[in-house]
Amino acid sequence: MPRPPPPEGEAARNPGRARRYPRVMHDPRVLLDPATDAVRKLARRGFTLDVASLEKLLAGRNSAIQRGDEARAESKRVATAVKGAGREGDPQERDALVARARELKGIVAAAEEEHRELEAELQDFLLSVPNLPSDDLPDGASDEDAVQVRAWGEPRQLDFPPLDHVDLGEKLGILDLPRATKLAGPRFAVLRGKGAALERAIARYLLDLHTERHGYLEWSVPTLVNRATMTGTGQLPKFEQDLFKTGVADRELYLIPTAEVPLTNLHAKETLAVEDLPLAYTAHTPCFRSEAGSYGRDTRGLIRLHEFSKVELVRVVEAEHSRDELEVLLSHAEAAMQGLGLAYRVVKLAAGDIGFSAEFTYDIEVWLPGQQKYREISSVSNFGTFQARRAGIRTKAKDGRRGFAATLNGSGLPVGRTLVAILEQGQQADGSVRIPEALVPYTGFAELTP
RNA sequence: GGAAGCGUGGCAGAGCGGCCGAAUGCACUCGCCUUGAAAGCGAGAGUCCCGAGAGGGUCCGGGGGUUCGAAUCCCUCCGCUUCCGCCA
């Protein structure tokens, strides 16, 4: 069986002893506990859990650990006895002890080797098991199975034929897609003049809203991260094809697909005091996505790009509060929509349609007059302890009790799609676009005119 | 990229190949003292894994080696600091 690299760059170059592997991702005991109902839950997202293999791996690993521990314990006793025998001066007894010690060395090595192999197989197995979808989600596997929770604002019915954002952007002279293609290829964008200023204004508005009104701490983080970081939030090892990868010499780095990755991993391998939770973090970063598997979808305009910028919201909370925290986070993303006066609706995604690491996801969909449709603008998810286990984000309560944190994140909001919505919902009969009032202090202008 | 130095528990900082999971100080927890607090005195406390439990094992930057036995010796990788080179 091929052995994948352990979830750390250094370790990948320097494969180590099995016992050094951190205990991450799914807890195999929890997964196997009938009360967890993992088989049924995973089946809802089309994943078949091979219980027999998992049980076998776990039992084999544990017995190897035990054999090694016992041999090592005896080895320690013998080593101490050798010293005593040397001083008492009974060479024969000493020789016998040394011989036994040499023998034990082999036994320990064999048990460790077996442990290492089984541990690697177990890690490999667990790393590819997605999170368990919440029972509160509807059945289904596509966005058409999503269920509407509520709608806000009136989908504006225009008394003239609406343009989509590409036509609007070109007429206004703020969008230049041909030149973007010249520079980098399809699925990139160039914004010009007031378009670029509007993009900057949206980002500033969102950051101010979340830091000042919702209590988020703003960070500036790397957009190029290592393998361990990508594994912590669940992008790796399964979704390498979705990422842009770079590096120099033998150093590999990945471009982040969202600020969720660096923000959540800020506390990887740390133990957080429960009284410091919840943590609420935000960052405005570029996001890079290969969009493999989306050929032909949304090829026009700013909806689906290889590079876009986004203001991301991340919350690190106590595990038992994660469901409530999801509603809090959703309210913050909705506040951004309402602040900009953009008509939208909230839907619950179907169990088979949520991301690998998520257990519950709300999407916010904005009304786009140009398409006469609601389109996804923000995704707000609860990951439970799934990411925290993979990344090693632990908690410690005042009474000393330890556990894993829960993580959540949501777009709050993606700048490009927000700009699309502003153009389309704000368009007037004469081809001009009215800028949302809340943005005017940031733009310095209240409308865009051809 | 070149040269030198350094990586020990939350922090600081000792550490002869076995008596080192590791001195000491600060911080921390719980007592005592006090009207309360501080100071003082006493006690305690790390992590992760296996185990029903008793208990056992792991961890001195990572990995490997020497040895009956490694925080201590050797190799290697990584990181940090300083100097030089390059650079926004």
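All figures in this text were calculated on a predicted structure; none of them were measured in a lab. Labels below follow one simple rule: chain letters A, B, ... track the order of the sequence lines, proteins then strands, and each chain is numbered from 1. The figures that follow rest on heavy atoms only: side chains count, while hydrogens, waters and symmetry mates do not.
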Taking the same atom, [atom1], in [N] and in [M], what whole-Å distance lies between them?
N	M	atom1	answer
B:A22	B:C28	P	23 Å
B:G40	B:G46	C1'	27 Å
B:G62	B:G7	C1'	12 Å
B:C26	B:A39	P	10 Å
B:G69	B:G18	P	14 Å
B:G21	B:C80	P	32 Å
B:C59	B:C49	C1'	11 Å
B:C33	B:A38	C1'	12 Å

Nearest heavy-atom pair of A:Asn382 and A:Ser322: which atoms, and what distance? ND2-OG, 3.1 Å
Calculate the interatomic distance between [X] atom [atom1] and [N] atom [atom2]; express it in whole Å.
X	N	atom1	atom2	result
A:Glu114	B:C50	CD	C1'	14 Å
A:Arg77	B:G55	CZ	P	15 Å
A:Lys269	B:C59	NZ	P	18 Å
A:Gln66	B:C50	CD	P	10 Å
A:Glu70	B:G51	CD	P	12 Å
A:Arg72	B:U58	CZ	C1'	7 Å
A:Arg61	B:G57	CZ	C1'	14 Å
A:Leu57	B:C50	CG	P	14 Å

Presence of A:Arg29 side-chain N/O under 4.0 Å of B:C50 phosphate oxygens OP1/OP2: yes
So, does A:Asn62 get its side chain near the phosphate of B:C49, meaning an N or O under 4.0 Å from OP1 or OP2? no
Determine whether any donor atom in the side chain of A:Asp69 lies under 3.5 Å from an acceptor atom in the base of B:G56, or the reverse, and answer yes or no. yes
Closest-nucleotide mapping onto RNA chain B: is A:Glu74 or A:Leu58 further toward the 5' terminus? I mean the 5' end. A:Leu58
Can the positive tip of A:Lys194 be found less than 6.0 Å from the middle of the six-membered ring of A:Phe445, inside 45° of the ring normal? yes
May I ask you to establish whether A:Arg200 and A:Tyr442 are in a cation-pi arrangement, using a distance under 6.0 Å from NZ or CZ to the six-membered ring centre and at most 45° from the ring axis? no
Is there a Watson-Crick or G-U wobble partner for [N] with both distances under 3.5 Å, and which nucleotide is it?
N	answer
B:U72	none
B:C83	B:G2
B:C41	B:G31
B:C60	none
B:G7	B:C78

Indicate whether any N or O donor in one side chain lies under 3.5 Å from an N or O acceptor in the other, for [X] and [Y].
X	Y	answer
A:Glu325	A:His321	no
A:Thr36	A:Asp33	no
A:Ser290	A:His306	no

Does the ring centre of A:Tyr281 sit less than 6.0 Å away from the ring centre of A:His267? yes
Got [X] and [Y] here, is their nearest side-chain heavy-atom distance under 4.5 Å?
X	Y	value
A:Glu240	A:Leu236	yes
A:His284	A:Leu206	no
A:Glu359	A:Pro133	no

Protein-nucleotides 66-70 of chain B N/O pairs closer than 3.5 Å?
residue, atom, partner, partner atom, Å
B:C68, OP1, A:Arg102, NH2, 2.4
B:C68, OP2, A:Arg102, NH2, 3.3

Taking only N/O atoms, report every protein-nucleotides 44-47 of chain B pair under 3.5 Å with atom names and distance.
residue, atom, partner, partner atom, Å
B:U47, OP1, A:Arg402, NE, 2.8
B:U47, OP1, A:Arg402, NH2, 3.0

Using the side chain to side chain contact (heavy atoms under 4.5 Å, CB included) criterion, which residues pair with A:Thr233? Sequence neighbours excluded. A:Gln235, A:Glu260, A:Val261, A:Thr264, A:Asn265, A:Gln387
